[in-house]
Amino acid sequence: MEGIEHRMIKVNGINIHVAEKGEGPVILFLHGFPELWYSWRHQILALSSMGYRAVAPDLRGYGDSDAPESVESYTCFHIIGDLVELIDVLDPDVGKVFVVGHDWGAYMAWLLCLFRPDKVKALVNLSVPFIRFDREINPVDVWKAVYGDDYYISRFQEYGEIEGEFAEVGVERVVKEYLCDFPVSLPKGKLFKRPLDKQITLPSWLSEEEANYYVTVFQKTGFTCPINYYRNLGRNWELLGPWVGSKIKTPAKFIVGDKDLAYGMPGMKEYIHNGRFKEDVPSLEQVVVMKGVSHFINMKNQKRLAATYMISFANSIEKINKNLVKVL
């Protein structure tokens, strides 16, 4: 796409595929599920045209990046280890970049700021806020108790089970269902609300050609490794014990759609807007709630994010004065 270059970078014992364009300060884009570097293509073009080096990797287990087989290879420590070494390769002189994350990419971006704040100049995260750790309750148990056994995170826990059901309906159907609606309930025997013989009408922001890019990639890689991120939620909860009570001190901005499944979770709006989010992220500069916008905010609102929020983000970079960073 219009001069976007691709290469493989050896980090943390695996090969990570990155797409990049531009010269100047590095902005690192981190995707979620079931996405790829491709989800950021419009932002890459917008930021690279403004004097920045925009870089979007396929996270481990996705796309052209290596995909270790073991479930245990997808903990937060593994992913952050990849990102730290990737940042050192992208910016060997300073080893510090700007980060934009969505969904799982946002979750990992928060943890990157928590573990290695020396690696992040400023952060813009989409859809998933930072949430304080509760040492008393495993988050997987919480979601199962609140939403039941059919909730997608509950269904994702058993290795191989959901992959078998996805195989029965076909990769194309799974990818399009998720990109269009992100189904959160996956009952056995009837995964999706739409009958399988009913054609999916793609939204205006997603062309058939663009959807087929995701389909082609996931037909090659499958879903097991991306789903392994979910299978490590309980393990991550155990590993994060030493950071209970820690704050995210990196300058940050958070953007979410009011129709986003994450924003609609019980207690989420109160957490975001009633001071606790700001308490956990003291340098949180702003929260933006986009009206009528659902989960894939970076794709559905690609023009607005590229032309408005991303430009504001880039302009704010110019305001860096010594250790002071203002985001958006």
Side-chain angles (χ1 to χ4, degrees), residues 31-36 38-39 41-42 58 61-63 67 71 102-105 126-128 140 142-231 233 256-266 268 290-302:
H31 68 79
F33 174 87
E35 299 176 84
L36 302 161
Y38 189 70
S39 306
R41 59 198 179 280
H42 297 285
D58 285 329
Y62 282 87
V71 174
H102 174 251
D103 187 74
W104 268 104
L126 312 177
S127 296
V128 177
V140 176
V142 172
W143 283 311
K144 188 172 183 178
V146 173
Y147 295 108
D149 293 336
D150 290 340
Y151 190 55
Y152 76 104
I153 291 178
S154 303
R155 294 296 321 279
F156 283 0
Q157 297 306 306
E158 187 66 33
Y159 186 87
E161 181 177 281
I162 196 68
E163 292 97 320
E165 294 182 50
F166 281 173
E168 289 181 10
V169 302
V171 170
E172 180 177 0
R173 189 71 183 203
V174 173
V175 167
K176 288 183 177 180
E177 287 282 0
Y178 268 91
L179 292 180
C180 292
D181 295 323
F182 204 103
V184 296
S185 181
L186 299 173
K188 291 184 179 181
K190 193 179 185 304
L191 290 179
F192 308 120
K193 294 179 180 179
R194 272 181 288 254
L196 293 180
D197 59 357
K198 183 177 181 180
Q199 186 176 359
I200 297 177
T201 301
L202 296 178
S204 59
W205 52 268
L206 185 67
S207 71
E208 195 69 38
E209 180 183 4
E210 291 170 324
N212 285 338
Y213 182 91
Y214 293 95
V215 172
T216 299
V217 172
F218 281 104
Q219 282 175 336
K220 180 179 69 173
T221 64
F223 295 102
T224 293
C225 295
I227 291 173
N228 283 343
Y229 284 64
Y230 293 92
R231 292 178 176 135
L233 281 166
V256 67
D258 66 347
K259 304 298 183 184
D260 195 311
L261 59 96
Y263 191 60
M265 291 179 65
M268 188 63 73
M290 298 179 70
K291 300 297 183 183
V293 177
S294 54
H295 184 63
F296 292 107
I297 187 171
N298 51 327
M299 292 190 282
K300 184 174 182 179
N301 295 275
Q302 55 199 9

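Quantities reported herein were computed from a predicted structural model and do not represent experimental measurements. Computed over heavy atoms, backbone and side chain alike; hydrogens, waters and symmetry mates excluded.
Glu168 has no carboxylate O lying under 4.0 Å from a charged side-chain N of Arg173, or vice versa, which leaves the two without a salt bridge. With salt bridges taken as basic N to acidic carboxylate O contacts below 4.0 Å, one links Glu177 and Arg194. Under 4.0 Å is where a charged nitrogen must lie from a carboxylate oxygen, and between Glu163 and Arg231 at least one such pair does.
Side-chain contact between Tyr159 and Asn228 is present, with heavy atoms from C-beta onward closer than 4.5 Å. Here the side chains of Val169 and Val174 are in contact, with some heavy-atom distance below 4.5 Å. In this structure, the side chains of Phe296 and His102 come closer than 4.5 Å at one or more pairs of heavy atoms. At least one side-chain heavy atom of Leu179 sits less than 4.5 Å from a side-chain heavy atom of Met299. When side chains are defined from C-beta on, Glu208 counts as touching Lys176, because their heavy atoms get closer than 4.5 Å. Put simply, the side chain of Trp143 reaches to within 4.5 Å of the side chain of Leu233, judged on heavy atoms.
Rounded to the nearest 0.5 Å, atoms CZ (Phe166) and CD (Glu161) are 11.0 Å apart. To the nearest 0.5 Å, atom CG of residue Asp58 and atom OG1 of residue Thr221 are 9.0 Å apart. The distance from the CG atom of Asn212 to the CD atom of Glu172 is 6.0 Å, given to the nearest 0.5 Å. Within the model, atoms OG of Ser39 and CG of Asp103 stand 9.5 Å from one another, a figure rounded to the nearest 0.5 Å.
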Ring pair (Phe, Tyr, Trp, His ring centres under 6.0 Å) for Phe218 and Tyr214? Distances and angles first, verdict last. CA-CA 6 Å; Phe218 281 104; Tyr214 293 95; 7.1 Å; no
Steps toward side-chain contact (heavy atoms from CB on, under 4.5 Å) verdict (Arg155, Leu191): CA-CA 10 Å; Arg155 294 296 321 279; Leu191 290 179; 3.9 Å; yes
Can you check side-chain contact (heavy atoms from CB on, under 4.5 Å) on Lys144 and Asp149, steps first, answer last? CA-CA 6 Å; Lys144 188 172 183 178; Asp149 293 336; 2.6 Å; yes
Would Cys180 and Leu202 count as a side-chain contact (heavy atoms from CB on, under 4.5 Å) if you check the C-alpha gap in whole Å, the side-chain angles of each, and the deciding distance to 0.1 Å? CA-CA 7 Å; Cys180 292; Leu202 296 178; 3.8 Å; yes
If you apply the rule side-chain contact (heavy atoms from CB on, under 4.5 Å), what do you find for Leu261 with Tyr152, and how did you get there? CA-CA 12 Å; Leu261 59 96; Tyr152 76 104; 4.1 Å; yes
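Under the ring pair (Phe, Tyr, Trp, His ring centres under 6.0 Å) test applied with Tyr229, the options Tyr62, Phe223, Phe33 reduce to a single match, Tyr62.
Using modelled atom types, one side-chain atom of Lys190 and one backbone atom of Phe192 make a donor-acceptor pair closer than 3.5 Å. Judged by distance alone, the side chain of Ser154 and the main-chain N or O of Asp150 form no donor-acceptor pair under 3.5 Å. For the pair His42 (side chain) and Asn298 (backbone), a donor-acceptor distance under 3.5 Å is absent.
Here the closest heavy-atom approach between residue Cys225 and residue Ala67 is recorded as SG-CB, 3.6 Å.
Ring geometry for Trp104 against Tyr230 counts as perpendicular: the plane angle is over 60°, on a 0 to 90° scale with 30° as the lower cut. Ring planes of Tyr147 and Tyr151: parallel class, angle under 30° (limits at 30 and 60°).
Under a cutoff of 6.0 Å and an axis angle of 45°, Arg41 and Tyr38 form a cation-pi pair.
Side-chain contact, Asp260 with Ser127: a donor N or O sits under 3.5 Å from an acceptor N or O.
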